[in-house]
Amino acid sequence: MIDLQIQDKTHDEARQGEALILDAPVKADARKLYIESYGCAMNFADSEIVASILSETGFETTGDYHQADVIFINTCSIRENAETRVRNRLSQFGAEKRRNPKLIVGVLGCMAERLKSKFLEEERLVDVVVGPDAYRDLPNLIEQVESGHKAVNVLLSREETYADISPVRLNSNGITAFISITRGCNNMCSFCVVPFTRGRERSRDAHSIVAEARALFEAGYREVTLLGQNVDSYTWTPGALTNPSGERGNAELPNQPNGQVSPTGGDLEGALAGVVNFANLLEMVALVSPELRVRFSTSHPKDITDEVLHTIAKYDNICNYIHLPVQSGNTRVLELMNRTYTREWYINRIDAIRNIIPGCAISTDIIAGFCTETEEEHQETLSMMDYVQYDFAYNFTYSERPGTLAARKLEDDIPEEVKKRRLAEILAKQQAHSLMRLQEWVGKTVRVLIEGTSKKSDKDYCGRGDSGAMAIFPAVDNVKPGEYANVYIERCTSATLIGRIV
Ligand code: 5AD
Ligand code: SF4
């Protein structure tokens, strides 16, 4: 599942409720769309697809919902508190609708699928409910609402990947961007609602992914993050049907500019003659340019292969950072979670990462207090953390989600205060590990991609090293955002590296 980038504002909790704003000037006569995204990076990427689809019918985005003709809220169902936040926000939009009865309010994304009838019947302010696979239908659905009807499309698809749609980059720094490579999930982790809200897994046409990366690079972007619930299960066959309109992937092969040599012996044509797996795809995107950094999320411990690790090691521009959610350090709990790996298997994957990519940053997701978890089993999660010494972790208490395997088969029997105490122990340990990991950079020089000026002072730049750690350093005139700089790290806080360009 996707939850990304070390200490990143894109993190699921940190970015909740952030409005996406298009920087382009708004035409006076254009209809205005305000879109607010919750949850994972995939939702943020989806909002960019929505903006692109609606731009075809004359909509431009606005950052001010008081100006909007249409307000969309792109929702998340992963934990109960994500849903609660969305409901509170909807009631605020209700006040706006009373002021402007022509305003259209829509619910998109994961909650749409889960709660369609509830939204339309109980929360009368919602006019349109659209699931994650039905965004192409949005222009029709808006017309339907304008002719006085409520509109719903929450059909999930086995094919939709929006491969042919080039997203309108919203709220963009013009330097880093997300590219979706798969949609949906087939894994059925017992705690997780995603397979129900986002449907079956499907992989997007590899050519369209490479073309999007190349277009971004040509537009000045210098980092792409490939997104999927489980990127390691990416698989695409050239010539396979790629979208609901029945178009086939074109047979054009990606360029191999800049003299980079491929581990397939430069034979991408050969790689493309058969099935493209995630390692092949990573390589194809890395070959767009050595100046384009490639990140990806999320890796699944059961599927991440040595081939992927060797590809990361081979290319300097594929970041040495892997988000590998463990969820629990205990084999019995992992089995109840239906994660399909054991503690030993996970440790084996960590050892492989350490051997093949020395110094690779690793982050994780952990759930505290899953059904029936004992104190000893919780200790095994803590000991796993000691073993791996994660650079970063996203930690949660277990939240039962209706319709999941766990909700149907297991009792949510760990008292809330026990869950919270276990979470606090996990957080405290992680804080110590994060600090220790950052301290390892002090006294070293890190190649940083400058993303812009720091939030606290426009005299400072901020940017990430390869590991994803954020660095802050004094701005200098001859180096600009979007360029790389070598930064000598002088000190760190528990979340940030501090240094100067050398
Ligand atoms: N309760 C708590 N955490 C959950 N996650 C997913 N579902 C739940 C749930 N029901 C966490 C997992 C996943 C991350 C994105 O969210 O750790 O990897
Ligand atoms: Fe991730 Fe498992 Fe949920 Fe799929 S089912 S999105 S692998 S947590």
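First listed ligand is number 1; within each ligand, the first listed atom is number 1. These numbers come from a predicted model, not from an experiment.
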**Student:** Indicate whether any N or O donor in one side chain lies under 3.5 Å from an N or O acceptor in the other, for His323 and Ser297.
**Tutor:** no

**Student:** Looking only at side-chain N and O atoms, does Arg293 offer a donor or acceptor that is under 3.5 Å from a partner on Thr225?
**Tutor:**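 Side-chain D/A pair, Thr225 to Arg293: absent.
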
**Student:** Quick one: which ligand 2 atoms are inside 4.0 Å of a heavy atom on Pro195?
**Tutor:** 5 (S)

**Student:** Which ligand 2 atoms are under 4.0 Å away from a heavy-atom of Val194?
**Tutor:** 6 (S)

**Student:** Are a donor atom and an acceptor atom from the side chains of Glu307 and Asn277 found within less than 3.5 Å of each other?
**Tutor:**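 On atom types as modelled, these side chains qualify, holding a pair under 3.5 Å.
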
**Student:** Report yes or no: does Arg339 have a heavy atom closer than 4.0 Å to ligand 2?
**Tutor:** yes

**Student:** Looking only at distances, please establish whether an N/O atom of ligand 1 is found under 3.5 Å from an N/O atom of Glu400.
**Tutor:**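 No: no nitrogen or oxygen of Glu400 is under 3.5 Å from one in ligand 1.
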
**Student:** Under 4.0 Å from a heavy atom of Cys185: which atoms of ligand 2 are those, numbered in the order shown and with their elements?
**Tutor:**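 Per the distance check, 4 (Fe), 5 (S), 6 (S), 7 (S).
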
**Student:** Can a donor-acceptor pair be found between the side chains of Thr176 and Asn173 at a distance below 3.5 Å?
**Tutor:** yes

**Student:** Give a yes-or-no answer on whether the side chains of Arg204 and Ser208 include a donor-acceptor pair shorter than 3.5 Å.
**Tutor:**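 Per modelled atom types, Arg204 and Ser208 side chains form a pair under 3.5 Å.
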
**Student:** Counting only heavy atoms, which portion of Pro325 has something under 4.0 Å from ligand 2: side chain, backbone, both, or neither?
**Tutor:** neither

**Student:** Check Thr298 against ligand 1 and report side chain, backbone, both or neither, counting heavy atoms closer than 4.0 Å.
**Tutor:**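 None of Thr298 does.
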
**Student:** Could you list the atoms of ligand 1 found under 4.0 angstrom from a heavy atom of Thr397?
**Tutor:** 1 (N), 2 (C)

**Student:** May I ask which of Cys189, Ser399, Ala407 has a heavy atom nearer to atom 10 (N) of ligand 1 than the others do?
**Tutor:** Ser399

**Student:** I need the atoms of ligand 1 closer than 4.0 Å to a non-hydrogen atom of Gln327, numbered in the order shown.
**Tutor:**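 Checking each atom against Gln327, I get 12 (C), 13 (C), 17 (O), 18 (O).
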
**Student:** Once you restrict to heavy atoms under 4.0 Å, what part of Phe191 touches ligand 1? Side chain, backbone, both or neither.
**Tutor:** both

**Student:** Does the side chain of Asn230 pick up a donor-acceptor pair with the side chain of Asp303 at under 3.5 Å?
**Tutor:**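 Distance-only check passes for Asn230 and Asp303.
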
**Student:** Does ligand 1 have a heavy atom under 4.0 Å from the side chain of Arg79, from its backbone, from both, or from neither?
**Tutor:**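 Within the 4.0 Å criterion, Arg79 contacts ligand 1 through side-chain atoms alone.
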
**Student:** Does Cys189 bring an N, O or S atom to under 2.8 Å of atom 3 (Fe) of ligand 2?
**Tutor:**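 It does not; every qualifying atom lies at 2.8 Å or beyond.
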
**Student:** Which of parallel (below 30°), tilted (30 to 60°) and perpendicular (above 60°) describes Tyr135 and Tyr162?
**Tutor:**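 Tyr135 and Tyr162: parallel rings.
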
**Student:** Does Arg354 CZ have over 12 foreign heavy atoms under 6.0 Å away?
**Tutor:** yes

**Student:** I want to check a possible cation-pi pair here: Arg114 against Phe196, using under 6.0 Å from ring centre and within 45° of the ring axis as the test.
**Tutor:** no

